[in-house]
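To keep things clear, I will list the structure first and then write my remarks on it.
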Amino acid sequence: AGQAGQAGQAGLPVSGTGGLSGLGGAAGSAARTMPRRLEFIGDSDTAGWCANGKPSGGDAADAVENAYVTWAMQLARRVNASEVMVEAVSGYGVTSRSGRIQDLYPSTLAFAPSPPAWNFSSWVPDAVVVLIGPNDEAVKAAEAVEAAEAVEAADEGGMGGRAAGDAFVQAYLELCTLVATHYAKAPDPPKLVHVCGGSINGLDPCHDIQRASDLFNTQWTASPTRSY
């Protein structure tokens, strides 16, 4: 599935309970007999962009990526996940502003010509952990001004603001629904766990990620999958 990109600080799940706490027993518990499986979806913080580079910089960024040292793989090791899948592309998000990770998600080789589709029944995780969105929020100054003017015009027309936020929420909800749809027929579908954090502006999309998670739990009925 994705490519593995800037390791940074990770935050916490956007909602308070559930999430990783119910993955079939406590970490290291003898009661769990099946391997703990985690799937991660993200951007450069999850792909490990520049993670093996020199502190002084000057490296070819893609040549020094290392997903193994990121927050995702550290978390996987902490909860004794023996099987891990990472789908992360540096610079990507969920909107066309950055590059839509959901357009690559169903493929085995995302950037190959005519890539074969991934067989989601061949490997089902206990949880799909998502940290994505800061690249969608990293808007150029001109785009920010344009968005502010659009919001102001909408307010004057009695339509309300948050046009940009609503677009992000719908795109993020699309990703959640895509993941849940692919695993809907699994005997035990995975949980969706959303993480808010990351490098530089990682906290910017937190509110909208929470909105998307709440919407998913309200709208999704095709399987027991819940969003945390």
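The existence of a salt bridge linking Asp214 and Arg211 is excluded, since no basic side-chain nitrogen approaches an acidic carboxylate oxygen closer than 4.0 Å. Taking the charged nitrogens against the carboxylate oxygens, Lys54 and Asp59 do have a contact shorter than 4.0 Å, which makes a salt bridge.
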>> Checking Leu75 against Phe40 for the side chain to side chain contact (heavy atoms under 4.5 Å, CB included) test, could you report, in this order, the C-alpha distance in whole Å, the side-chain angles of both residues, the deciding distance, and whether it holds?
In response: CA-CA 10 Å; Leu75 174 62; Phe40 292 91; 4.1 Å; yes
> So Val193 and Val130, side chain to side chain contact (heavy atoms under 4.5 Å, CB included) or not? Walk me through it.
Replying inline: CA-CA 6 Å; Val193 181; Val130 184; over 6 Å; no
> Going through the checks in order, is the side chain to side chain contact (heavy atoms under 4.5 Å, CB included) test met by Trp71 and Val195?
Replying inline: CA-CA 11 Å; Trp71 71 275; Val195 178; 4.0 Å; yes
>> Run Ile101 and Ile41 through side chain to side chain contact (heavy atoms under 4.5 Å, CB included) and show every step you take.
In response: CA-CA 8 Å; Ile101 194 73; Ile41 298 175; 4.0 Å; yes
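Side-chain N or O atoms of Asp43 include none that pairs as donor or acceptor with a backbone N or O of Val89 at under 3.5 Å. Under a 3.5 Å cut-off, the side chain of Asn201 and the backbone N or O of Pro134 do form a donor-acceptor pair. Asn217 places no side-chain N or O within donor-acceptor distance of the main-chain N or O of Arg226, the cut-off being under 3.5 Å. One N or O on the side chain of Asp45 and one on the backbone of Ser199 form a donor-acceptor pair closer than 3.5 Å. Between the side chain of Ser98 and the backbone N or O of Asn135, no donor-acceptor pair lies under 3.5 Å. Side-chain atoms of Asp126 come within 3.5 Å of backbone atoms of Arg37 as a donor-acceptor pair (strictly under, hydrogens ignored).
Residues passing the side chain to side chain donor-acceptor pair (under 3.5 Å) test with Ser223 are Trp220, Thr225, sequence neighbours excluded. Residues passing the side chain to side chain donor-acceptor pair (under 3.5 Å) test with Tyr172 are His194, sequence neighbours excluded. Residues that satisfy the ring-ring contact (aromatic ring centres under 6.0 Å, His included) test with Tyr68, not counting sequence neighbours, are absent from this structure. Contacts of Asn52 classified as side chain to side chain donor-acceptor pair (under 3.5 Å), with partners at least two apart in sequence or in another chain: Asn66.
The nearest pair of heavy atoms linking Asp208 to Gly165 is OD2-CA, 3.6 Å. Of all the heavy atoms in Thr70 and Ala67, the pair that sits closest is OG1-O, 2.8 Å. Residues Asn119 and Ser122 share a closest heavy-atom pair of O-OG, 2.6 Å. Considering every non-hydrogen atom in both Pro125 and Pro190, the closest pair reads O-CB, 3.2 Å.
Cluster annotation: Leu104 is connected to Trp123 through the hydrophobic network of ILVMFWY side chains, with a link wherever side-chain heavy atoms come within less than 4.5 Å.
In this structure, Tyr105 has its ring center closer than 6.0 angstrom to the ring center of Phe120.
Note that the CD atom of Gln102 and the OH atom of Tyr92 stand 10.5 Å from one another [nearest 0.5 Å].
Side-chain contact check for Thr95 and Asp136: at least one donor-acceptor pair (N or O, by modelled atom type) lies under 3.5 Å.
Annotation: salt bridge (Lys or Arg N to Asp or Glu O under 4.0 Å) contacts involving residues 108-123, sequence neighbours excluded, are absent.
Residues Val64 and Trp49 have side chains not in contact (no heavy-atom distance under 4.5 Å, counting atoms from C-beta outward).
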For residues 173-186, tabulate all N or O donor-acceptor pairs below 3.5 Å that involve a side-chain atom, not counting sequence neighbours.
from: Glu174; atom 1: OE1; to: Arg100; atom 2: NH1; distance (Å): 3.3
from: Glu174; atom 1: OE2; to: Arg100; atom 2: NH2; distance (Å): 2.6
from: Thr177; atom 1: OG1; to: Leu173; atom 2: O; distance (Å): 2.9
from: Thr181; atom 1: OG1; to: Thr177; atom 2: O; distance (Å): 2.6
from: Tyr183; atom 1: OH; to: Glu39; atom 2: OE1; distance (Å): 2.6

